[in-house]
**Q** 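The structure's right below; bear with me while I get my questions together.
Heavy atoms only: backbone and side chains are in, while hydrogens, waters and symmetry mates are out. Labels below follow one simple rule: chain letters A, B, ... track the order of the sequence lines, proteins then strands, and each chain is numbered from 1.
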Amino acid sequence: MPTISAPPSAAPRSGPGTPAPLLHTIVLDWYREHARDLPWRADGATAWGVMVSEFMLQQTPVKRVLPAWAAWLERWPTPAALAADAPGEAVRMWGRLGYPRRALRLHGAAAAIVERHGGEVPEDHAALLALPGVGEYTAAAVASFAFRQRHAVLDTNVRRVFARAVTGVEYPANATTAAERRTATELLPDHPETAAAWAVGVMELGALVCTARSPECGGCPLRPHCAWQRAGCPPYDGPARRGQTYEGTDRQVRGKLLAVLRASHGPVPRQRLDVVWPEEIQRARALDGLVADGLVEPLADGFYRLPQ
DNA sequence: AACCCGTGGTA
DNA sequence: TTACCAAGGGT
């Protein structure tokens, strides 16, 4: 069986590739059978619901997002509802999902949607990209999943599937490359609805089968077409993927500080923040950072609170 | 381009 | 236990 390569229409590639339409059929059939029943994929899900899920899923696993997503949409079923509340409430509601700047940006996106788009999540990719907290991936994801448009959706799952099936390596590079974008675009089905189904299907395949740690190649529908399989599953030999040390970092201190503020509904005296971390210099730096990011609001007399 | 930004689960 | 990983974005 041939491995996957780009169609001959674009840049010339070595060797015959599996025809793209066959790949589309394989992935769409697999998805129909194995897709998780996630609430933001349900028929009744709104574009706002999709957008909220995408914000929450930026670096946070699905399992932890599920309950947070339901609670969020129950409280703020529309962008206007969120925009009418204080940004600090978004930060508080975000809870322990991590990277709380996402909550602030989601609030900012809601406000921008009200201001620029009459309260309706925009369908246009460029308009989505212009919203705070919406980057290349999220804009494509919302346009594709919510509005069934044709966009290359390149997240960590898709990048990994392409790295293995197309390029024949275990892991993609640290940063998305032009070659990856080209591959994603070339393999994208022409028909918008099919492209949207393909996008979520490849992503789901990466999330459930072609996983980072221990891929279940035995259950992978692309195995006969996978370049990495054909090459004998060579282990990753590129530059070291950056680690994420956490203990003792400013991020840890910021997390501890913000946890105190989330738990308190009124202003908090500086003294109650001081107890979360012994090193004064780092503690002050972390608090200053939170203020600079707009996650914390300093008041007079050494009190602090979530932004109003 | 490299680095910063939280939190929790898994091998 | 340590290290890696999770539907990224902003600077």
Side-chain angles (χ1 to χ4, degrees), chain A residues 31 35-36 38-41 49-69 91 94-106 108-109 128-146 151-161 170-178 180 184 196 199-208 210-215 236 239-262 276-277 282 285-286 288-290 292-296:
Chain A
Y31 182 79
R36 289 168 293 182
L38 301 175
W40 45 86
R41 291 176 181 165
V50 172
M51 174 172 283
V52 170
S53 80
E54 292 304 335
F55 269 77
M56 291 184 168
L57 288 164
Q58 291 169 3
Q59 302 287 282
T60 300
V62 168
K63 181 179 179 179
R64 291 175 50 209
V65 164
L66 283 167
W69 182 85
V91 174
W94 197 255
R96 304 186 67 80
L97 287 179
Y99 291 145
R101 294 194 291 192
R102 291 181 293 163
L104 219 47
R105 290 174 183 148
L106 182 52
L128 287 165
L129 195 56
L131 299 172
V134 177
E136 178 183 353
Y137 161 76
T138 301
V142 173
S144 177
F145 303 157
H151 292 282
V153 181
L154 262 184
D155 79 322
T156 187
N157 293 302
V158 176
R159 294 185 62 219
R160 190 173 53 248
V161 172
E170 186 176 16
Y171 296 116
N174 279 329
T176 304
T177 65
E180 287 180 277
V200 73
V202 176
M203 189 176 309
E204 190 78 339
L205 188 64
L208 298 183
C210 193
T211 59
R213 291 281 180 82
S214 47
Y236 179 80
R241 291 172 290 160
R242 70 181 193 284
Q244 305 182 35
T245 54
Y246 183 65
E247 282 298 317
T249 62
D250 286 7
R251 268 150 71 196
Q252 184 181 24
V253 183
R254 286 165 59 110
K256 288 179 178 295
L257 291 170
L258 207 54
V260 172
L261 292 165
R262 276 199 310 264
V276 306
W277 196 257
Q282 188 180 25
R285 184 174 65 235
D288 285 348
L290 288 170
D293 288 346
L295 284 163
V296 172

**Q** Where each residue is assigned the nucleotide of DNA chain C containing its nearest heavy atom, which of A/S53 and A/L131 is assigned the position nearer the 5′ end?
**A** A/S53

**Q** How long is the line joining CD of A/Q59 and P of B/dG6, in whole Å?
**A** 12 Å

**Q** Would you list the pairs meeting salt bridge (charged side-chain N to carboxylate O under 4.0 Å, His left out) in which at least one residue belongs to residues 247-258 of chain A, sequence neighbours left out?
**A** A/D250-A/R285, A/R254-A/D293

**Q** What nucleic acid atoms does A/L38 come within less than 4.0 Å of, heavy atoms only: base, sugar-phosphate, or nothing?
**A** base

**Q** Figure out the CG/P separation between A/D155 and C/dG9, and round it to whole Å.
**A** 10 Å

**Q** If I pick the C1' atom on C/dG9 and the same atom on B/dA1, what distance separates them, to the nearest angstrom?
**A** 15 Å

**Q** Roughly, in whole Å, what's the span from CD in A/Q282 to P in B/dC4?
**A** 12 Å

**Q** Listed by chain and number, what are the side-chain hydrogen bond (donor to acceptor under 3.5 Å, both in side chains) partners of A/R101, not counting sequence neighbours?
**A** none

**Q** Can you give me the N/O atom pairs linking the protein to nucleotides 8-11 of chain B at distances under 3.5 Å, or say none if there are none?
**A**
unit_1 : atom_1 : unit_2 : atom_2 : d
B/dG8  : OP1    : A/R96  : NE     : 2.4
B/dG8  : OP2    : A/R96  : NH2    : 3.0
B/dG8  : O4'    : A/R64  : NH1    : 3.4

**Q** Regarding A/G135, tell me which of base, sugar-phosphate or nothing describes its non-hydrogen contacts under 4.0 Å with the strands shown.
**A** sugar-phosphate

**Q** With sequence neighbours excluded, tell me which residues meet side-chain hydrogen bond (donor to acceptor under 3.5 Å, both in side chains) with A/T60.
**A** A/R102

**Q** With sequence neighbours left out, what residues match A/W69 under side-chain hydrogen bond (donor to acceptor under 3.5 Å, both in side chains)?
**A** none

**Q** Answer with base, sugar-phosphate or nothing: what part of the nucleic acid does A/R36 contact at a heavy-atom distance below 4.0 Å?
**A** base

**Q** With A/L208, which residues qualify under side chain to side chain contact (heavy atoms under 4.5 Å, CB included), at least two apart?
**A** A/W30, A/R36, A/E204

**Q** Pick base, sugar-phosphate or nothing for A/F145, based on heavy-atom distances below 4.0 Å to the nucleic acid.
**A** nothing

**Q** Just the rounded figure in Å: distance from P of B/dC3 to CG of A/D293.
**A** 19 Å

**Q** Could you give the distance from CH2 (A/W94) to CG (A/L258), rounded to the nearest 0.5 Å?
**A** 12.5 Å

**Q** Assign A/W40 to base, sugar-phosphate, or nothing according to its heavy-atom contacts below 4.0 angstrom with the strands shown.
**A** base

